[in-house]
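Below is one structure, written out as structure tokens; the observations come after it.
As the structure is a computational prediction, the values presented were derived from the model and not from experiment. The basis for the numbers below is simple: all heavy atoms, side chains too, and nothing from hydrogens, waters or symmetry mates. Order of the sequence lines sets the chain letters (A, B, ...), proteins ahead of strands, with each chain counted from 1.
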Amino acid sequence: MGVEITNRVLPGIGVCQEVALHDGRRVGVVTRRNGLRDIVIYDDDGDGADATVALTDDEANAVAEILGAPQLTFRLAALQRQADGLIVEQLPVPADSPFAHRPLGDTQARTRTGASIVAVLRQGAAMASPTPDFVLFPGDLVVTVGTQASVNQVAHLLDGSTEVGPAGTG
Amino acid sequence: VLAAGGGSDLHVSTLLVELGAILFVLGVLGRVARLLRIPVIPLYLAAGLFFGQGGVLSLSASEDFLKVSADIGVILLLVMLGLEYSARELKDSLRTQAPIGLLDGLLNALPGALVALLAGWGGLAALALAGVTWVSSSGVIAKTLGDLGRLGNRETPAILGVLVIEDLMMALYLPVLTALLAGGGASTVVIAIVVAVSTVSVVIVLATRFGRHVTLLISADDRESLLLGVLGLTLLVAGIADQLKVSAAVGAFLVGIAVSGTVAETATELLAPLRDVFAAAFFVTFGLSTNPGDLVPMLPMAILLVVVTSSTKMATGYVAARRANVKRRGRWRAAVALIPRGEFSVVIAALAVAAGVDDRIGPLTACYVLLTIVLAAAVQGLPNRLAATPTRRLRGRRDRSELGGREP
């Protein structure tokens with residue numbers, strides 16, 4: 001799983017780190033001394049930039065957090081497993097789920113079961129702390145934290161084996 | 001202090017009005033430069049031409065103040081340059097880029113010297129003009145690379161390498177020029193060279209080995225005392241260097257190199273606004289001291305210099321990028337990137353004019369710097385219109401379609 005990273009010193013400006021991707025393309029990150037970060041997508045030559053995006057310190061941290069989120073979730077999961085009575089599970093949203101194509105808030109998972117939905121994994125990317133208006137799709141994995149019983153209840157909500165009446169008062 | 005006479009009050013109020021007007025105009029010009037996507041230096045020079053002797057508006061009260069500001073501006077430009085480079089970067093660049101630095105010096109300094117000699121301006125003018133055409137503007141180029149999103153490019157380290165060597169060579173060139181301009185004989189020049197070479201080497205060695213200790217004198221915790229400390233130290237060393245005829249600018253550059261770590265980072269941040277104000281004053285003052293009427297007769301010579309030394313700079317950049325295994329398009333990008341001349345050319349011309357070498361160096365350099373910057377801004381985009389190397393393009397397309405096929 002080694003990823004090849006080339007470092008280039010840019011005297012007076014900072015450093016550029018170039019990452020070789022699995023498909024032969026390359027991306028780079030320029031870290032300037034003043035905190036700005038540039039994300040570079042290299043062109044077909046491999047020398048120049050097809051596109052460059054400059055990020056402020058805060059923006060760079062936000063992107064880094066998103067990219068690092070899956071790892072974070074799994075590490076969190078490992079930790080939580082050891083915590084007494086609490087479990088973390090990735091619950092699938094089946095194609096025939098009553099909540100497919102509906103906002104997360106409609107499940108009212110926390111009100112109904114007491115379990116918390118901390119992230120949604122979609123095609124390998126993690127959406128951390130999804131808001132109630134986040135729309136679920138078939139194939140999503142809903143990362144849920146709670147007691148075994150409450151997590152099971154969420155699983156039943158998602159696969160439709162628990163009959164859910166019209167949304168209650170919450 | 002308050003008991004100043006009426007005449008002095010009037011003088012102060014005129015000074016404030018003139019300074020305020022100049023700074024305000026420069027502020028507006030900065031905005032214009034941003035909109036036009038060109039560097040601001042040519043506009044500052046033009047503003048100086050507009051205000052100064054023979055210009056549309058002439059200034060009276062603020063001239064002395066501007067002259068001192070200009071001197072401080074040069075010192076701040078140089079100390080910031082020194083702060084930006086760490087001693088390690090300088091050493092590494094010198095080790096890896098020395099052949100390119102030599103090629104760069106030969107290709108670009110000689111045309112300037114030759115033109116001055118052919119025009120019959122004499123040896124000192126030739127030496128000064130050699131410096132004017134030699135050094136690219138690290139300020140303009142670094143800014144352009146950032147604005148165009150080219151910092152991550154493969155050719156960028158090669159471009160910056162050329163700039164580092166040039167800036168370092170200035171630490172040797174300026175003392176020699178200063179000594180010769182001061183009218184010293186052969187012995188004075190030899191002493192200046194020996195002092196310059198040994199000081200530069202000692203500072204680089206000290207800064208790489210004991211940088212922390214030098215820096216310990218000034219703490220990074222208290223921003224106010226750091227600002228005053230670094231500024232004071234810089235002016236002090238620059239002043240002493242000037243008295244020793246080693247050039248104030250080089251003294252400031254060496255202070256910048258010697259200061260390292262967090263102190264250097266914080267100092268860069270704190271000094272930047274000061275540098276912006278005083279460096280602007282420097283470019284304006286250079287424009288002020290130049291009579292716009294003198295520009296026109298200098299135009300043919302300036303154009304000749306621009307044509308010749310832009311080609312030689314492009315050759316330098318092309319070779320530097322090829323040496324870094326960059327493909328054709330990137331080589332051309334490096335070639336055009338190096339064209340602009342700027343702060344160092346003006347510093348050198350200002351020194352020569354102040355020493356009374358030849359008055360025509362001022363307007364010639366003003367024309368030359370303006371033209372190189374405008375030309376460079378006009379051609380930066382051209383290399384990317386060249387076709388890419390075809391084999392890679394096909395491969396990239398296939399890869400993309402494979403990725404596309406995986407989508408649900």
Would one find more than 12 heavy atoms of other residues, nucleotides or ligands at under 6.0 Å from atom [atom1] of [X]?
X: B:R34; atom1: CZ; answer: no
X: A:R122; atom1: CZ; answer: yes
X: B:R88; atom1: CZ; answer: no
X: A:R33; atom1: CZ; answer: yes

Any donor-acceptor pair under 3.5 Å from A:D47 side chain to B:G330 backbone: no

Contacts of residues 155-171 of chain B with chain A (heavy atom under 4.5 Å): B:E155, B:T156, B:P157, B:L160, B:V164

For chain A, which residues of residues 146-154 of chain B have heavy atoms nearer than 4.5 angstrom: B:G146, B:G149, B:L151, B:G152, B:N153, B:R154

Under 4.5 Å from a heavy atom of chain A, the part of B:E84 involved: both

A:N34 CG to B:T268 OG1 distance, which is reported to the nearest 0.5 Å: 10.0 Å

Test: A:D45 and B:R329 ion pair at under 4.0 Å: yes

Heavy-atom pairs under 4.5 Å with chain B, option from A:V30, A:V40, A:V53, A:I39 with the top count: A:V30

Option in A:C16, A:A49, A:P11 with maximal non-hydrogen atom pairs under 4.5 Å from chain B: A:P11

Contacting region of A:L10 [heavy-atom separation from chain B under 4.5 Å]: both

Segment of A:E18 engaging chain B (4.5 angstrom heavy-atom cut-off): side chain

